[in-house]
Amino acid sequence: MAVKTPIYFDNHATTRCDPRVVEAMVPYLLEDFGNAASRNHAFGWAAEKGVDQARESIAKVIGATAKEIIFTSGATESNNLAIKGVAEMYREKGNHIITMVIEHKAVLDTCKRLEKQGYNVTYLPVQRDGRLDLAELEAAITPKTILISIMAANNEIGVIQDMEAIGKIAKKHKILFHTDAVQAFGKIPVDVNQWGVDLLSATAHKIYGPKGVGALYVRRRNPRVSLACQMDGGGHERGMRSGTLNVPGIVGFGKAAEIALAEMSSEGERLRKLRDRLNAGLFAKLDELYINGSMEHRLPNNLNISFAYVEGESLLMGINDIAVSSGSACTSATLEPSYVLKALGVGEDLAHTSIRFGLGRFNTEEEVDYVIDRMVETVVRLRDLSPLYEMAKEGVDLSKMEWVTH
Amino acid sequence: MSYSDKVIDHYSNPRNVGTLDKKDPNVGTGLVGAPECGDVMRLQLKINPETQIIEEAKFKTFGCGSAIASSSLATEWIKGRTVSDALAIKNTDIVRELALPPVKIHCSVLAEDAIKAAITDWKQRHTEAVLAPAETAKA
C-alpha cells in the first residue's frame, strides 16, 4: 500500500487536532460563545459549564482536583507563571532555585531572567542517559532554596526523570516542586500526589488539542501554594491569571485530556511497538547509529538517534517528505547544536547528526516502514558523500585529527 | 528553510564525487572544516605540472545541503581550468550562483578554502617531488 506523504513524525513539536476535539470545540465558537466570566446570563453559564467540565477532565489526568487547574495561553506561560510567581511570592523565604540544564527554554530563560533580578539558580547537569543524579540534587539544596523545577519528560530525547524520588527530596526539605510535564501529560501515568508535585505545566497542542491553551496545576493543600500573578486584570483563575478564558480552546483541551486518559495504555503500547519497529528497522540496515538518552526511562513515542558522519540538515533535505527534527546547528536559529545532547556528553560532531522522531496517534505501521526505507537510502547515499565516513572506514581516528576550524 | 533550485540540483545530483590517490605527486588534497562545526569538505585535484591544468577534481563533503552544493559546484568550475584561474574563484561567486542565504555564506567560504588548500598541498608535494631527486644528485 502506498503511504500518503508528507509523513508527520514530529509529534513532540505539536500534534494534529483529534477530530473528536474539534467537534467538541465547534459549539463554543458558535452558539455557546459566551464569556465564562459573565455570571448573569445563559451565554455565560453555558461557557462556564464547558470550562468546568474541561477543568475536571484535565485534573483527572494528573490526579488533581478541578480547583487546582489554572488556564493559561500555553506551557510557556505556565512555566513563566509557576517559576516567577513562586520566586516573587516566596522572596522573603529565600532566593535560590534549582533546575536542570536540559529543561526547555521556557524554564531556562525564565530562570536566567530571575538571576538578573538577584535570584540564584543552580542548573544541575544530567548523566549520560539524560537522568538527574539525585544525590547531586540533594547536595544543591540550601536553606535559601524555594523551588525545584525539573521536567517530567524531555522534549528532545523523551527521557523521563525519577519524579517520585525528586518529589520526596523536595518534600523532605520543604521546598516547592514544579514540573514542566508538557511531553508527559496524557502520554504516561502522572499523579501529582504520588510524584509530590506542587506545580505542573501542561499544554493542549501536544495531546491532539488546539494551540494557544495550556494549564498550570497549583496545589491547594499540603501545602497550599500561592503565586504572585504575572498578568494583572480582572482577577480570573483564582486571581492567579487574569484574562478572558479561551473557552473553545479550553473545551478542546478538556476533550483531548479525556481521550488521552481513556486511551493512554492502549495508545502508549501501540506507539511503543511502532517506535521499536522503527528503531529495529534502522539498526538492521545501518551501522554506526547511536541512541541518545536512556531507552529504559523514555516516552513510548520518542526516538533520538545520531546517524554518525551524516550532517542532520542534509539528512532532512534528503527525506523532505518526512517531518522530523534534527539537533544539528544548521537547523536551529542559534547555529549551535542541541544543548540537550551536549549536556548528555554527546560530542558536537554526533549532535550535528541527530534526528528526533516523535510518533503520534495518527501514525501507522506502513508509515514507519516507509520512513525506515527513506532513512536508510538517504543515509547510505550521504555516507558515500561523506569524507568522514570514508576516513573512519579506513581506520582514521577522527577525534585525533587536527581540524582547520573556521 | 527553502533551498534554491541549484542547491537542490547539486545536492540531489552531486558532480565529481569521489576519491583520488593521495600518494600521486600530481594530486593535491584539501581537507577543511571540522566535524564539531557540522561541515568538513575534502577536495582533491589532479594537476598536470606542465600545463598547470586541473585535469581531475573530486570531492566528498560532510555538511548541510548548501555545503554539499558549494563543493560540487566548485569541482565543476575548476575542472579543466588552470591553477591560477581556480585560485581566482571567490566565495562570493559561489554565493551568487547558488543564491545562498546569509546564514549559509560560510559554506561558500569553506569551498574557497578547500580549493586553496588543495592547490597549496599540490604545490608543496610537487615541489618536494621535484626537489628530492635534485638533492640526491648533489650529494
Side-chain angles (χ1 to χ4, degrees), chain A residues 288 306-320 325-338 341-342 346-354 377-394 396-406, chain B residues 1-4 7-20 22 29-44 58-72 75 91 101-114 116-117 120-121:
Chain A
E288 301 236 34
S306 285
F307 295 84
Y309 316 119
V310 178
E311 196 276 327
E313 190 191 330
S314 67
L315 189 46
L316 294 188
M317 204 173 158
I319 51 161
N320 57 4
S325 70
S326 169
S328 158
C330 291
T331 61
S332 75
T334 57
L335 291 179
E336 283 289 323
S338 156
L341 297 186
K342 226 164 150 181
V346 174
E348 290 198 16
D349 51 341
L350 274 179
H352 281 291
T353 72
S354 71
E377 165 195 312
T378 309
V379 169
V380 167
R381 185 175 90 79
L382 290 172
R383 279 182 173 172
D384 276 345
L385 217 73
S386 169
L388 303 178
Y389 189 65
E390 184 186 304
M391 288 158 82
K393 288 287 143 191
E394 281 170 356
V396 176
D397 185 346
L398 297 172
S399 65
K400 297 215 170 70
M401 291 270 304
E402 271 186 42
W403 298 100
V404 190
T405 53
H406 60 106
Chain B
M1 184 181 313
S2 59
Y3 303 94
S4 70
V7 168
I8 293 171
D9 178 40
H10 277 279
Y11 168 83
S12 313
N13 310 291
R15 334 288 199 252
N16 307 307
V17 175
T19 309
L20 297 175
K22 58 176 179 244
T29 302
L31 185 66
V32 296
E36 294 77 31
C37 302
D39 31 30
V40 174
M41 272 181 203
R42 190 191 64 194
L43 179 66
Q44 293 188 300
K58 294 277 184 200
F59 86 96
K60 279 201 177 188
T61 290
F62 162 83
C64 64
S66 305
I68 291 170
S70 296
S71 33
S72 170
T75 60
N91 81 292
V103 293
K104 295 296 182 189
I105 287 174
H106 73 276
C107 299
S108 69
V109 173
L110 210 55
E112 185 189 321
D113 287 353
K116 296 204 160 83
T120 304
D121 181 61

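Here is the naming used below: chain letters follow the sequence lines, and residue numbers restart at 1 for every chain. Heavy atoms only: backbone and side chains are in, while hydrogens, waters and symmetry mates are out.
Both the backbone and the side chain of B:Val40 come within less than 4.5 Å of a heavy atom in chain A. Only the side chain of A:Thr378 comes within less than 4.5 Å of a heavy atom of chain B; its backbone N, CA, C and O stay farther away. Contact annotation for B:Ser71: neither backbone nor side-chain heavy atoms come within less than 4.5 Å of a heavy atom of chain A.
B:Gly65 approaches A:Ser314 most closely through the heavy-atom pair N-CB, 4.0 Å. Here the closest non-hydrogen pair linking B:Pro14 and A:Arg381 is CD-NH1, 3.9 Å. The minimum heavy-atom distance linking A:Glu313 with B:Cys64 is given by the pair OE1-CB, 3.5 Å. Contact record, A:Asp384 with B:Val17: O-CG1, 4.1 Å, taken as the closest heavy-atom pair. For the residue pair A:Trp403 and B:Ala34, the shortest heavy atom distance occurs at CB-CB, 3.5 Å.
In this structure, CZ on B:Arg42 lies 4.0 Å from CD on A:Glu390, to the nearest 0.5 angstrom. Separating the CG atom in A:Asn320 from the OH atom in B:Tyr11 is a distance of 8.0 Å, to the nearest 0.5 Å. For the atom pair CD (A:Glu402) and CG (B:Leu31), the distance works out to 12.0 Å, reported to the nearest 0.5 Å. Taken from CG in A:Leu388 to NZ in B:Lys60, the straight-line distance is 10.5 Å, to the nearest 0.5 Å.
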### Message
side-chain contact (heavy atoms from CB on, under 4.5 Å) for A:Met317 and B:Ile68? Distances and angles first, verdict last.
### Response
CA-CA 11 Å; A:Met317 204 173 158; B:Ile68 291 170; over 6 Å; no
### Stepwise side-chain contact (heavy atoms from CB on, under 4.5 Å) test for A:Leu382 and B:Phe62
CA-CA 8 Å; A:Leu382 290 172; B:Phe62 162 83; over 6 Å; no
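Side-chain atoms of B:Glu36 never come within 3.5 Å of backbone atoms of A:Glu348 as a donor-acceptor pair (strictly under, hydrogens ignored).
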